[in-house]
Protein chains: 2
Amino acid sequence: MNKIGVHRRATVHDVARAAGVSLATVDRVLNNRPGVRSATAEKVEAAIAEIGFQRDLSASLLARARNLALTFVIPDGTNEFMASLAGAVERRASQALNDRMQIQTLRVQPLDAAALARSLDGLHPRNCDCAVIVASEEASVLAAVDSATRRGVMVMTLVSDLPGSLRRQFIGIDNVAAGRTAASLLGRFMPQGGKLAVIAGSLHLRDHADRLNGFRQALEAEFPQLELIGPIEGHDERPQTEAIVADLLRMHPDLGGLYNLGAGNAGLVAALEKSGRARRIRVIAHELTEPTRQGLESGAIDVVLDQNPDGEIREAIAAARGLALGANGALVSNPIEIGIFLRDNLR
Amino acid sequence: MNKIGVHRRATVHDVARAAGVSLATVDRVLNNRPGVRSATAEKVEAAIAEIGFQRDLSASLLARARNLALTFVIPDGTNEFMASLAGAVERRASQALNDRMQIQTLRVQPLDAAALARSLDGLHPRNCDCAVIVASEEASVLAAVDSATRRGVMVMTLVSDLPGSLRRQFIGIDNVAAGRTAASLLGRFMPQGGKLAVIAGSLHLRDHADRLNGFRQALEAEFPQLELIGPIEGHDERPQTEAIVADLLRMHPDLGGLYNLGAGNAGLVAALEKSGRARRIRVIAHELTEPTRQGLESGAIDVVLDQNPDGEIREAIAAARGLALGANGALVSNPIEIGIFLRDNLR
DNA sequence: CACGTTGTGAGGTACGTACCTCATGACTTA
DNA sequence: TAAGTCATGAGGTACGTACCTCACAACGTG
C-alpha cells in the first residue's frame, strides 16, 4: 500500500518574505501595477520561481468579486455540428458558473470572415477574458485575433486553427490524421482501384485544408491506384452539396468512393439515395449528427469520423482556466480523439 | 448575432434576507449544526430553493483553509490498465491542486476484497472527503463502502460498479453494451458459425459480469449458430491466462473466436503466437495497453474495446467536486464512451 | 534648502463562506 | 417565580488575493 501525498501551497505572503519585500510590492508585480524598480521586480520574480508560487485563481476571482468571462463565437446557420457545439457550451455553462466562469455564446454568419472579425473587435477585457472562436484562415480574422490579444482578450481556436496568429491555444482534433484515416479506410474499401471524389466545405477553413492534405498524402503513399477527383467546395450547405454529389454521380458512372470532409451531409445522403447508387459507393463523412447518423443506419454512409463536441468544449473551458492562471504559456491539454463510427457502434 | 447572458449569484446573505432569518441561522442549516427548529430550517430550505442558492465551493474551501481531499484506491500488481489509471490520476493531481483538490492514491492487492475493505476503513472524513474505488462485488467491500458513507466519506466506484451499496456515483463505461459490441463484431467475423471461447478475470468484478451478460444476450439473440465455451476465469494474470488459452487451443482445434473480457492479455497473445494459430482466430480484448497494442499490430488481436482512463479520472474528479457542492444527489456526468480500436486507428 | 518624483512599506477593506463567542428572548420545569 | 434549556441574532475573525490610501525615505532639480 503506497501513499503519494502533497503539501501546503505558497501564498503571496511567502513570496514577500522570500523576496525580502512587502506584500504591496509583490502585489504590484503580480498585477503589473506601476511603481516597482525593475531590479526589485526581478527579485520578486525570482522568489516566485524559487518557491513555486502560483496565484490562487479562486481567491483572486473572489477578491475581484468577478467571474472569469469566456465568450464562444460559433458559426450560426444550418450546420448541425456547429449547433451541437453550441449545445455543448450551453450544457456546460451552468456548471461552469460554480467555478466562477461565466460563459457567453455569440453566433455569427458562417464562412463570413468580416462578421467573425467584427465579433472579436466587440470584445473588451472588462467583459471578456478569453474568446474561443472557430477560425477561418483569412487576413481580417488574423488581424482581429492579434488585436484582441494585444488589448488583453486571450483568444483560443476551436475545431479549426489559425496558425501564425497570436491565438494562445488550439482545441481540436489532428485534422491531418483524420484525413489520413479516411484515405486509409477508403483505400482498403477499394482494393481493385477506381475513382474517388473529395468534397470540402471551404479550403479557407484550416481544418478542411488539413484533412485534404492528410488525405492526399496517405492516398499517394499507399493507394496510388486510386484516381482522385476534386476537391470541390460545397460551402457546408445542404443544397450545394447535394448538387455537387448529383453532378459527380452523373459525370462518373464508375465512381467508387466519396469523402466529404466538410458538412452538408444531408445533401450528400439525399443525392446518393436519389441516384439509386447508395450502398454501391463507399462513403466517409465527418461529424456524428442527425444526417450522418441516418446515413450510417441506411448504409448510404460507411464511416463517420467524429470529434466529440462535448469533449472539445470541456477542454476549451479547462484550457481557459489554465491560461488565466499564468501568462506563462506551457499548457498541457489532452488532445481530442478522433472517433470512428460505423453502423455497428453508433452511440 | 444572438447573446446568451447570465446574472449575479445568490449568496448566504440573500438566503438570510429571503428566509427572514439571520446569517447565523442560515449557516447552521447549511452546515447542519444543531440549534435550529425544524420549522425554521424548512423556511431556510425553501428560501434556498426559491432563489436558487448554491454554495460557492471555492469560497467555502477557502474559508475552511482546506482542500477537497480525494483518495483513489486502485489495484496494484501487473495489470497494465490499472497502472495507466494510476498514471492518469498522477497526471491530474497537480493541476487539480489549482482547484483546491488534493489527490492521494492508494494501491491495493488486486482481487483482494479484504485489502480493499481495509483501505476504506482507514479513511476518515478529516483526511478524505471522497474515496474513488475500483470495486469488486463482495459482502466485505459493500459493508466497508456503506460504513465509509455513513461516517462522512463519500464513495464513488470507478470502472467496476457496486450496485446496492451507498456509493454515490459510478464512473465507467456501460459494460453490458461493451459485451454486446464484442458479440456483434465476433458474430460478423464468423458468418459460417463455429466455436467461441470467453475468458474473464473474475466474475466477482461487476464489470466482467456485465460484459459477460451483454455478450451472451447479443450472441443468443443474433448469432445462435455460435457455440460458446466458458467463461473461464484467468484472474487477470498473464501466466494463468496464457495457460487457459493454450488449453483452449489444444482442446478445440476448430476454435474460431476468442473474447477476453478481463486483463492478462500478454498471456493471451503469447499463447496464440506459440500455437501458430494467431491471425486464424478472431480475437477481441479489452483496454488499449502495451500488450493489446502489440497484439493489434501483429494481428493476433483483431479488435480492442477501450475505456479511456484519462477521461475516467477527469470525470471522477469533476463528479467529486459536484458531490461536494450538494448532498442533494442528481448529478449529471457525461458517460464514458467505449473506444473501438483496430490496427488501423491506433492512437 | 524647499520641492517634486519615485520606490517602498504599512495597513485597511472587500469578496463569500466557515466557525466562533456572546447576548437575548421564549419557553419549560420544579 | 427562579433556574435552566433552547432557538436565534449580532458580530467578529479567518482564508488568499485585489485594490486602495497614506506615510516615508531617497533621490534629483532649481
Side-chain angles (χ1 to χ4, degrees), chain A residues 8-44 47-48 51-68 97-102 125-126 129 324-326, chain B residues 7-44 47-48 51-68 97-102 125-126 129 321 324-326:
Chain A
R8 195 184 69 92
R9 279 179 60 134
T11 76
V12 278
H13 296 85
D14 300 323
V15 175
R17 209 174 314 117
V21 300
S22 77
L23 206 68
T25 300
V26 174
D27 179 71
R28 288 176 186 117
V29 173
L30 277 177
N31 300 290
N32 35 240
R33 267 185 271 280
V36 183
R37 217 173 358 209
S38 58
T40 313
E42 276 165 31
K43 270 200 308 185
V44 175
I48 288 175
I51 68 179
F53 166 79
Q54 260 210 310
R55 187 200 302 259
D56 182 327
L57 222 208
S58 347
S60 160
L61 292 170
L62 176 60
R64 269 183 281 200
R66 180 182 189 296
N67 291 333
L68 248 200
L97 209 51
N98 289 330
D99 294 327
R100 312 194 85 85
M101 311 208 52
Q102 199 156 322
R126 312 191 68 81
D129 299 279
L325 268 171
Chain B
H7 44 286
R8 197 183 67 94
R9 281 179 59 134
T11 76
V12 279
H13 295 84
D14 300 323
V15 174
R17 208 174 315 118
V21 300
S22 77
L23 207 67
T25 300
V26 174
D27 179 71
R28 289 178 186 116
V29 173
L30 277 177
N31 299 291
N32 34 236
R33 270 185 269 280
V36 183
R37 219 172 357 209
S38 59
T40 314
E42 276 165 30
K43 269 201 308 185
V44 175
I48 288 175
I51 69 178
F53 167 80
Q54 258 210 312
R55 172 208 234 100
D56 182 327
L57 222 208
S58 337
S60 160
L61 291 170
L62 176 60
R64 269 183 282 197
R66 181 181 189 296
N67 292 332
L68 249 200
L97 208 53
N98 288 330
D99 294 327
R100 310 194 87 85
M101 311 208 53
Q102 199 157 321
R126 313 191 67 81
D129 299 280
R321 267 187 91 80
L325 270 170

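Lettering of chains follows the sequences in order, A, B, ..., and the numbering in each one begins at 1.
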message: Tell me the bend of the helix from C:dC1-D:dG30 to C:dA30-D:dT1 as the angle between end helix axes, each from five pairs, rounded to the nearest 10 degrees.
response: 50°
- prompt: Hey, is the side chain of A:T25 poking within less than 4.0 Å of OP1 or OP2 on C:dT8, counting only N and O atoms?
  reply: no
Closest contact, heavy atoms only, B:I51 versus B:A18: CG2-CB, 4.2 Å
Whole-Å distance separating the CG atom of B:L97 from the P atom of D:dG16: 13 Å
task: Assign a letter to each nucleotide of nucleotides 17-29 of chain C from its 5' end: B, base within under 4.0 Å of a protein heavy atom; S, sugar-phosphate only; -, no contact.
output: BBB----------
- prompt: Got a second to check how far A:L57's CG is from A:M101's CE, nearest 0.5 Å?
  reply: 8.5 Å
task: Under the side chain to side chain donor-acceptor pair (under 3.5 Å) rule, collect the residues that match up with B:N98, sequence neighbours excluded.
output: A:R9
- request: Evaluate the criterion side-chain contact (heavy atoms from CB on, under 4.5 Å) for residue pair B:V26 and B:F53; output intermediate values, then yes/no.
  value: CA-CA 11 Å; B:V26 174; B:F53 167 80; over 6 Å; no
field: Rounded distance in Å - CG (A:L62) to P (C:dA14)
entry: 14 Å
Euclidean distance, atom CD1 of residue B:I51 to atom P of C:dG16 [Å, nearest integer]: 13 Å
query: Nearest 0.5 Å, what's the CG-CD1 distance between A:D14 and A:I48?
result: 11.5 Å
- line: dist A:R64:CZ -> A:N31:CG (nearest 0.5 Å) comes out at 7.0 Å
field: Approximate separation, where rounding is to 0.5 Å, of B:T11 OG1 and B:R17 CZ
entry: 7.0 Å
- prompt: Residues two or more places apart in sequence or in another chain: which of them pass side chain to side chain donor-acceptor pair (under 3.5 Å) with A:R66?
  reply: A:D129
Which pairs, protein N/O on one side and nucleotides 24-29 of chain D N/O on the other, fall under 3.5 Å?
none

- line: A:R100 meets the side chain to side chain donor-acceptor pair (under 3.5 Å) criterion, sequence neighbours left out, with B:D56
query: How many angstroms lie between CG in A:D27 and CZ in A:R33, if you round to the nearest 0.5 Å?
result: 4.5 Å
Which atom of B:A324 lies closest to which atom of B:L68, heavy atoms considered: CB-CD1, 3.6 Å
task: Could you check B:R100 against B:S38 and say which one's nearest nucleotide on DNA chain D is further toward the 5' end?
output: B:S38
